[in-house]
Amino acid sequence: MKHPAKNSLKFLRRLVAAGAAVTAVIGLTATASAQSTISDIQSEGVLRVGMADSVPMQYKDVASGEWRGYNVDLGNQLAEILGVKLEIVDATWATLIPGLIAGRWDIALVDMFATPKRAATVMFTDPYFQTRMVVMGNTRRKLESWDDLNRDGNTIVVLAGTADEQVARDNFPNATVNPMVAEGLAAPILEVAAGRARAIVSSEINMRLYIAQNPAAPLEIVEPSRGIAAQGYAYAIRPGDIHLLNFLNTWIRSNRATGIHERTKTKWLDNFPG
């Protein structure tokens, strides 16, 4: 007669061994899946990136119809490292993440704020650029402070599909937040300039650049010393692309260490050519 305890021990050992084998198979499968994006990019010879208008980080030149900007330069550098061609696919801010998940592009290569809500859907790289959000109002309907804006009857316009909407709702709960579907920030900014909205909440880079390029526009930063801390700009990729994520983070760190980030920043932000 076999001893029950010994039988139980043998069964447990078999169970542990079987579990280890399954874990190993899953691990190999996950590794292959994670590496497949870079392999596919190199096999096809094309790196597809989704871009939505946001001067000066990435935008379509009116005269030529070509994409230009900070992330266009870096996208070309990234494609060169991979030994492939860069293909920019036109997107809007509202379609950037859905298009990424659907496989229309490999990376959302834009100035996107990494937020917890977005991170539930996509994976983010480490931040490649730090900025903050500010409030811009109309000088003809002057806002002395953020408290003046946070009142019933005031409308804050934001670009639909960006993190600006939730930030505006969180910081100005008494105002009405109006998300606007448009190709870029120019349309919601014009709503403020025309007096149809009281203010806009968005990236300080974009707001200050617009004012500098349009000095006659009745626009100003409200309480310039104040800002809303953000998670930083990051690139988005599909969930599970661990190899691609590690590659992009290594690339971001390398660009900082070698001065490429600073030179690109100087070209497009400090000495904007447009």
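Nothing here was measured: the structure is a model prediction, and the numbers come from that model.
Here the straight-line distance linking atom CZ of R48 with atom CD1 of I107 works out to 12.5 Å at 0.5 Å rounding. Between the CE atom of M123 and the CG atom of D241 there is a distance of 7.5 Å, given to the nearest 0.5 Å. With values rounded to the nearest 0.5 angstrom, D61 atom CG is found 8.5 Å from E66 atom CD. In this structure, L78 CG and L248 CG are separated by 6.0 Å, a value rounded to the nearest 0.5 Å. Atom CD1 of residue I101 and atom CD1 of residue I237 lie 10.0 Å apart, to the nearest 0.5 angstrom. Rounded to the nearest 0.5 angstrom, L47 CG and I88 CD1 are separated by 9.5 Å.
The closest donor-acceptor contact from the side chain of N138 to the backbone of L219 lies at 3.5 Å or more, if one exists at all. One N or O on the side chain of W146 and one on the backbone of V222 form a donor-acceptor pair closer than 3.5 Å. Side-chain atoms of T95 do not come within 3.5 Å of backbone N or O of A91 as any donor-acceptor pair. Judged by distance alone, with hydrogens and angles left aside, the side-chain atoms of S254 form no donor-acceptor pair with the main-chain N or O of T250 at under 3.5 Å. Judged by distance alone, with hydrogens and angles left aside, the side-chain atoms of R198 form no donor-acceptor pair with the main-chain N or O of L149 at under 3.5 Å.
No side-chain heavy atom of M133 sits under 4.5 Å from any side-chain heavy atom of N171. Considering only heavy atoms from C-beta on, V55 stays 4.5 Å or farther from Y210 through its side chain. Put simply, the side chain of W105 does not reach to within 4.5 Å of the side chain of E87, judged on heavy atoms. When side chains are defined from C-beta on, P224 counts as touching R208, because their heavy atoms get closer than 4.5 Å. Looking only at side-chain heavy atoms (C-beta outward), P56 and I205 come within less than 4.5 Å of each other. For the pair V192 and M136, the minimum side-chain heavy-atom distance is 4.5 Å or more. L185 is listed as a side-chain neighbour of M207, based on a closest heavy-atom distance under 4.5 Å. Looking at V84 and V46, their side chains never come closer than 4.5 Å, going by heavy atoms from C-beta outward.
Cluster membership for V110 and V181, using ILVMFWY side-chain heavy atoms within less than 4.5 angstrom, is not shared.
Residue pairs meeting the side chain to side chain donor-acceptor pair (under 3.5 Å) criterion with at least one member in residues 177-191, sequence neighbours excluded: E191-R196.
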Let me see the working for Q166 and T115 under side-chain contact (heavy atoms from CB on, under 4.5 Å), right down to the final yes or no. CA-CA 10 Å; Q166 192 58 51; T115 65; over 6 Å; no
Exercise. Kindly determine whether N206 and D111 satisfy side-chain contact (heavy atoms from CB on, under 4.5 Å), including the steps that lead there.
Key: CA-CA 10 Å; N206 301 107; D111 47 330; 4.1 Å; yes
- request: Take W268 and N71, measure what side-chain hydrogen bond (donor to acceptor under 3.5 Å, both in side chains) needs, and give me the verdict at the end.
  value: CA-CA 10 Å; W268 290 106; N71 280 320; over 6 Å; no
Take V201 and E165, measure what side-chain contact (heavy atoms from CB on, under 4.5 Å) needs, and give me the verdict at the end. CA-CA 8 Å; V201 173; E165 179 180 352; over 6 Å; no
Practice problem: Start with the C-alpha distance between Y59 and V72, add both sets of side-chain angles, then the distance that settles side-chain contact (heavy atoms from CB on, under 4.5 Å), and finish with yes or no. | Solution: CA-CA 9 Å; Y59 66 98; V72 178; over 6 Å; no
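Atom CG of D152 has 12 or fewer heavy atoms from other residues, nucleotides or ligands within 6.0 Å. Heavy-atom neighbours of E80 CD from other residues, nucleotides or ligands within 6.0 Å: at or below the threshold of 12. Atom CZ of R226 is surrounded by more than 12 heavy atoms from other residues, nucleotides or ligands within 6.0 Å.
The shortest heavy-atom contact between E144 and E223 is O-CG, 3.8 Å. Heavy-atom minimum distance, L244 versus D106: CD2-O, 4.2 Å. Here the closest heavy-atom approach between residue A108 and residue L96 is recorded as CB-CD2, 4.3 Å. Scanning all heavy atoms of the two residues, the minimum distance from A187 to M180 falls at CB-CE, 3.9 Å. The heavy-atom pair separating V157 from I200 by the smallest distance is O-CG1, 3.2 Å. Listed here is the closest heavy atom pair of A234 and A114: CB-CB, 4.1 Å.
Partner of P218 under the side chain to side chain contact (heavy atoms under 4.5 Å, CB included) criterion, out of R140, K142, R141: R140 alone. Residue F172 is tested with N154, V167, N150 for a side chain to side chain contact (heavy atoms under 4.5 Å, CB included); the sole match is N150.
Ion pairing of R253 with D126 is present here, as a side-chain N (NZ or NE/NH1/NH2) and a carboxylate O approach within less than 4.0 Å. The existence of a salt bridge linking K60 and D53 is excluded, since no basic side-chain nitrogen approaches an acidic carboxylate oxygen closer than 4.0 Å.
D73 and T264 share no side-chain donor-acceptor pair at under 3.5 Å.
Between F124 and Y235, a ring centre-to-centre spacing not shorter than 6.0 Å is recorded.
Using cut-offs of 30° and 60° on the angle between ring planes, the pair Y70 and F129 is perpendicular.
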